[in-house]
Structure formats: C-alpha cells, structure tokens
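Below is one structure, written out as structure tokens, with a few remarks after it.
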Amino acid sequence: MGSSNDSNIPAAPSHFIRTLIDQDLAAGKNSGAVITRFPPEPNGYLHIGHAKSICLNFGLARDYAHAPGGARCHLRFDDTNPVKEEQEYIDAIKENLRWLGFDWGEHEYYASDYFDQLYAWALQLIDTGKAYVDDLSPEEIRAYRGTLTEPGRNSPYRDRPAAENRDLFERMKNGEFPDGFRVLRAKIDMASPNLNLRDPVMYRILHAEHHRTGSRWCIYPMYDFTHGQSDSLEGITHSICTLEFEDHRPLYDWFLDQLDIHHPRQIEFARLNINYAVMSKRKLLELVRDGHVDGWDDPRMLTLAGLRRRGFTPASIRAFCERIGVSKKSSCVDMGFLENCLREDLDSHAPRAMAVLDPLKVVITNYPKDQVEEFDAPIHPQRPELGTRKVPFSRELFIEREDFMEEPPNKFFRLAPGREVRLRCAYYVRCDEVIRDPQSGEITELRCCYDPESRGGSSPDGRKVKGTLHWVSAAHALDAEIRLYDRLFVVENPAADKAVDFTRHLNPQSLKVLRGCKVEPSLVAAAPESRYQFERQGYFCVDRYDSGSARLVFNRTVTLRDSWAKVEAKP
RNA sequence: UGGGGCGUCGCCAAGCGGUAAGGCACCGGAUUUUGAUUCCGGCAUACCCAGGUUCGAAUCCUGGCGCCCCAGCCA
C-alpha cells in the first residue's frame, strides 16, 4: 500500500487489519465505507485490554474518515444476559470511553434494542425448519454434544414439526415455562468438527429483570445469535474481535446466510496480555468482590478507572495501544513498556515540584535564624516558557532520608559527613554533624553549613558538586499523604497455573501509604487529578476522591527511571 | 487422537520471492542545578526445524515440532 519509497518519513504504523480494509476499499466493497464498532458487555469495568480494542476500532474510524463512503465507529452494548449486566457498568463504560478520548456521537446502540427483530428472525428460522425447541436438560445437551474427537448425537426433539416448534417457542416467550426448561436451537450439524455448529442454543428461558427491557422478556437470545445480526443491522463493514471468536465465524455466517442479510467482514486479532497482571473481567471482579483491592478504580488495577485514579494520562494509554501493534500472535507485553509510554507523556507535560517522602531534618547552622528567601524554580526545565514557581528557603529544612549516608559506598554522591551537595535551585551545603537519638541511635538531624556565594545553586569559583538534592523548608512545607503503588502481582503470569488460585500471587507490598510527607507550599491548591513530577522521585497525581484542602493525598503514578538503583543493586 | 489459529532479537513488531524496519529493554559514551530528560553509538550472516522449488526464500511447496483457543442454557 505505502506508495512512498521516495519518502524518508518513517512508515506509518500499520497492521494486517488496515491492509485488509485497504484491499476492501480498493475492491470497492461496502460503497467505500468503513464502519466499525466497540461492543462491550456491561458486566464489568473496561480495562487496558479493552483500550486496545477501543483504540483499534475508533482509530480505524478516524484513519478512514476520508474513505469515499465515510467512516465511523459505533458503541454497542451487547446486553443479552440480564443476570450479569447492570446500568452502573454502562455508565462507567461510557465515562471511561470519553475519558480515553473517544466520541461515538449519535451511534450508541444496545443489542437489547434488537430483541424484537431477533425474535422475529428466530421465528423465521423455525418456520423454515432451521431451528427447533429442545426439551433436553443442560446436562443432556452437553452429553449429546459429543467431545472434541467424537461427533455429537441428534436430540430426540430435533425433528419436531415447525408448527410445534413455533407454538412451544411462543409459549417460552409467554412465560409458560420455568428457567432452563427448554431452549431454542439452530439445526445445523451435530457431527461438525466445529463444536459451535453442533446445534447451538439460540434462546434460553431467563425470568430475569433486564436493565433496559425490564420484565418484558423472559427469553433472551444467546450472544452467538445476537452479535452477528446486530453488526449486520448496524451496517458494520468490519467486525473486529478477538481470536477466540474465530471458531464462531462460521456460525455467524450461517445465521446471516439463512436470514439473507448483510455480512460484515469479521477480522480477529490477539487480545492484550501484560505481565504481572491479570486481564480477565472475571478475575478483576474477583479482586474487587473479595476485597483484595479497594474497588474497580483501585490504582493498582489495570482498569481504565484504576489507571485514571493512578494518574495515567489518556494520551499515554493511546500511545501504548498504538505501539504494541495488532497481530494474530498471542503475546504478552512487558509492564515496563506501558510505564515507558506513561513516563514519556508525563515528562513533557508534568510541572515539577519538590516533595520529601521520608523527611530528615537539616539545620543550616550559619543561616540567619529568621531569614526566609524565595527561590524561583522552573516549572519545567526543558520548557522555560512555562515559567517558575516560588520555593521558600529557611534555616530548617527537610531532605530525603535516603539522600544521606554516614558511610557512603563508592559511587554514592549524595550527602555524607564532610561532603558538599547542592540543594536544588538553592545553595551548596556541607554536612558537619550528625545528631542521633541517644536511645535508638536513629539519625534525627543533620547540621550543615551553606555557602552564601552559591545562591541559586552554582558557585562563582566554579567548583562542582556531584549531587543535587530535593528539599523543602520545614516551616513552610505542607503535610501530605503519599501512596506508593507497585505491581499487584509478584509473578509474571499469575493465571498460568490453573491449579493455583491467582490471588496467591498477590504482591503484599503493592500499596504503601506514607503519612507525614513534606511537600512544597506551591502545592496547596493542587487540583484533583493534577499531575506533578516530584523531582528525583517520580510522577504523582492528586487523588481525585481523598485529597482536599484539609488533607493532601498524592498517588504515585510511576517512578522516574532510576539508574542509581541499578548500580546499587549490583553486588 | 477432531477443528481453528499462531510461530521473525529478552519483550512487542514490520516484512508478502531480491538479499532482516522500528519501538521497548540492554550495553557503551556525551551533555545535565532532577543519578531524570536529551543526544550519539552498539545490539538477528539471521527469520521453529528438516527437506524441496528458484540465479535468489523469512517470504513458495512438502513433512515435522511447538504454543494458543473450542465440549456455557457466558460473552
């Protein structure tokens, strides 16, 4: 496709789905239109895996906006199972989608809006002898289905006359039978090597309240009898789904053929996996239900709600989904890759600030007792146009406890007795004395002296210091609670061993709450969800629910890359 | 021992018969008032294996091997 051997612009990220769509367009199919859809079931929250599908489907609609027939992406809720679905999930899904940056305009659909049409189609298949009502119990149906290697057997009810099927099906619909008493099945082939074609169930009896249709129905279509026709009804041209539905495609085609309606082209791709995490809605639900996390939006969850609360930007998630690509190979993406996309976005946008997570008091012995100076610190060192902020400096400060070592190892170039370092944007200071608690022996205070000549952080004599520390003025600092998050699981693939419950691999250290942290005063009015880089620490975001004027709460979104930690870790 | 799909660098991933893109990770080195960022350089004689076709194959053919999915009245 790419017409440009002469271009030195890097090849636009592409993938096999675009190639197929290009071919369809070139062949003049679908009147030149590209219509995709994102079809969630409202039975849980969206996660990063859904984001891949969302970016793909909505991205395609955007990429092909100039196709001769136009392009768009529908949002459709596949709400065919009332016992698992809830309005709460619909609301959350829509909110997450908008937050991620996608807009479906007028095109919001519900499979439940097609129930009447689906029912009519079922009747049509009954009348043409393509569907029948089966009285077998669920256990019997399973037994009759055969196995992977043995063909199934026909149900004794398979050859009921059409009129009888119609009567029974209408009575199912009228609520004459209890749940599970009978089903409507497609009459295809009980010996098919594709199990999906062994007379699949089309309708089941479920006396359940549906979140949209209420108690109007007591029979509900199965997903397999709904999905393809819903796509067809909406004129979807490219129905993009995950690999496990590849085996269902012949069934969708069968229904579409029998009904003689529009065939979307189904294309399957590999779903996203990320190491040190679980991705299935069932497992996420279990984490929430059993209290292993604080809810669907717990910042440790890879749900969109969780990522948002953690401080992820929508742009970083979109960039991630672009870069991982789309293929049919089952793969597992490194968590570090996601973090990298995040850092990249945050580094260029996040304003800088100083925060001391584990404060150690420092007294500048030669600094005048009641003096306070204000330094101008850049909001973003690479983007001076963003301006500066005022940072107060005084005789008593806090620095990070881990930035001082009494007996520093070889390559440690932070503060140590007798050693001089720079306090960012302020002065050079030298450590003269270490004060400890006589009881515990714990270091309680450092006595240092500063060099007035080094004001602003450089010395007129040109002498260099190896380390620069972040700090905060004790009298001016704000107290804050800071939540440190780490990966939720300690093993790469928590779900690998089906014999071991995946919750056994939960990381007991995935959340550390730090209280009494000291942050610079410019953060007083930090707005909920605003993100900062705390210099030398990482990116943090104001918790959207727990933070307020009375209590500042920051969530650590991700640490900075830390090559010192690597050096330190080496034996 | 049924059917469907997939196998290119540690992890993603281009490539579609003309002699292995890119990103992440990693390893060097430069700049740096964040051990951050940025910048330069290195990183598959090799594409699951074995045969074959061809002047030429990761790309075509044959046969193996490995991995994933399917036996819900879930989606």
Side-chain angles (χ1 to χ4, degrees), chain A residues 10-11 13-15 19 39-41 43 78-81 83-85 134 136-138 141-143 145-152 179-185 192-198 200-206 220 222-224 226-227 242-250 268 270 275 281-282 323-341 343-344 347-348 352 354 377-378 380-382 411-414 422-426 428 454 456-458 464-470 533-538 559-568:
Chain A
S14 197
H15 48 68
T19 306
E41 183 193 11
N43 68 341
D78 273 338
D79 53 352
T80 55
N81 186 0
V83 314
K84 289 187 176 174
E85 296 150 7
D134 198 349
L136 254 26
S137 69
I141 287 184
R142 192 186 323 126
R145 185 153 33 222
T147 68
L148 294 178
T149 52
E150 302 156 27
D179 286 0
F181 198 69
R182 292 187 225 265
V183 291
L184 181 70
R185 290 230 253 169
S192 172
N194 181 343
L195 298 257
N196 294 120
L197 264 20
R198 318 244 264 227
V201 172
M202 295 162 59
Y203 267 92
R204 76 286 217 186
I205 301 172
L206 237 38
Y220 290 92
M222 298 291 290
Y223 174 84
D224 279 350
T226 306
H227 191 80
T242 45
L243 255 25
E244 66 271 30
F245 292 104
E246 206 147 17
D247 284 344
H248 295 239
R249 196 170 61 208
E268 306 85 6
N275 59 12
K281 272 203 246 180
R282 202 213 92 227
R323 290 189 207 177
I324 54 175
V326 180
S327 76
K328 300 193 70 149
K329 184 173 73 174
S330 305
S331 60
C332 186
V333 176
D334 200 302
M335 181 72 90
F337 194 78
L338 212 208
E339 294 177 344
N340 187 70
C341 295
R343 286 195 186 100
E344 203 168 284
D347 176 61
S348 54
R352 314 281 123 131
M354 292 197 283
H380 190 119
Q382 277 75 45
K411 287 179 181 152
F412 184 87
F413 45 81
R414 280 116 93 146
R422 169 170 39 236
L423 293 181
R424 168 121 245 236
C425 302
Y428 284 8
S454 65
S458 60
K464 300 281 183 219
V465 290
K466 282 215 258 183
T468 299
L469 309 188
H470 60 280
Q533 184 200 99
F534 289 166
E535 293 201 6
R536 305 209 310 130
Q537 292 289 300
T559 60
L560 248 30
R561 213 180 257 112
D562 187 357
S563 55
W564 163 243
K566 264 186 253 169
V567 174
E568 210 182 12

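Chain letters run A, B, ... following the sequence lines, proteins first and then strands; every chain starts at 1.
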For this session: Please name the pair of heavy atoms, one in Ser454(A) and one in Tyr428(A), separated by the smallest distance, quoted to 0.1 Å.
Result: OG-N, 2.7 Å

For this session: With P as the reference atom in both, quote the distance from U45(B) to A21(B) in angstrom, rounded to an integer.
Result: 12 Å

Seminar exercise, completed: Sorted by chain and number, sequence neighbours left out, salt bridge (charged side-chain N to carboxylate O under 4.0 Å, His left out) with Lys328(A) holds for Glu246(A), Glu268(A)

For this session: Output all residues satisfying side-chain hydrogen bond (donor to acceptor under 3.5 Å, both in side chains) with Glu85(A), sequence neighbours left out; order by chain, then residue number.
Result: none

For this session: Provide the Watson-Crick or G-U wobble partner of A13(B), both distances under 3.5 Å; none if there is no partner.
Result: none

For this session: Report the residue (Glu246(A) or Leu469(A)) whose heavy-atom-nearest nucleotide on RNA chain B is the more 5′ of the two.
Result: Glu246(A)

Problem set entry | nucleotides 67-73 of chain B: protein proximity per nucleotide (B base, S sugar-phosphate only, - neither; heavy atom, under 4.0 Å) | -SBBBSB

Can you tabulate the close N/O pairs, meaning under 3.5 Å, that link protein atoms to atoms of nucleotides 39-44 of chain B?
none

Exercise. Thr468(A) and Arg422(A): side-chain donor and acceptor closer than 3.5 Å?
Worked result: yes

Restricting to nitrogen or oxygen on both sides, can you table the protein-nucleotides 23-25 of chain B pairs closer than 3.5 Å?
unit_1, atom_1, unit_2, atom_2, d
A25(B), OP1, Arg561(A), NE, 3.4
A25(B), OP1, Arg561(A), NH2, 2.8

Exercise. Are Arg536(A) and Asp562(A) ion-paired here, with the side-chain N under 4.0 Å from a carboxylate O?
Worked result: no

Exercise. Base, sugar-phosphate alone, or nothing: which one does Gln533(A) contact when heavy atoms must sit under 4.0 Å apart?
Worked result: base

Exercise. Can G72(B) be described as syn, meaning its chi torsion is within 90° of 0, or is it anti?
Worked result: syn

Problem set entry | Touch class at under 4.0 angstrom, heavy-atom based, for Val326(A) against every strand present | sugar-phosphate

Problem set entry | Between C74(B) (P) and Glu41(A) (CD): distance, integer Å | 11 Å

Exercise. If we take the C1' atom in both G23(B) and C74(B), what is their distance in whole Å?
Worked result: 37 Å

For this session: For Asp78(A), enumerate each residue passing the salt bridge (charged side-chain N to carboxylate O under 4.0 Å, His left out) test, keeping only those at least two apart in sequence or located in another chain.
Result: Arg76(A)

Exercise. How far does the C1' atom of G17(B) sit from the matching atom of G2(B), given to the nearest Å?
Worked result: 35 Å

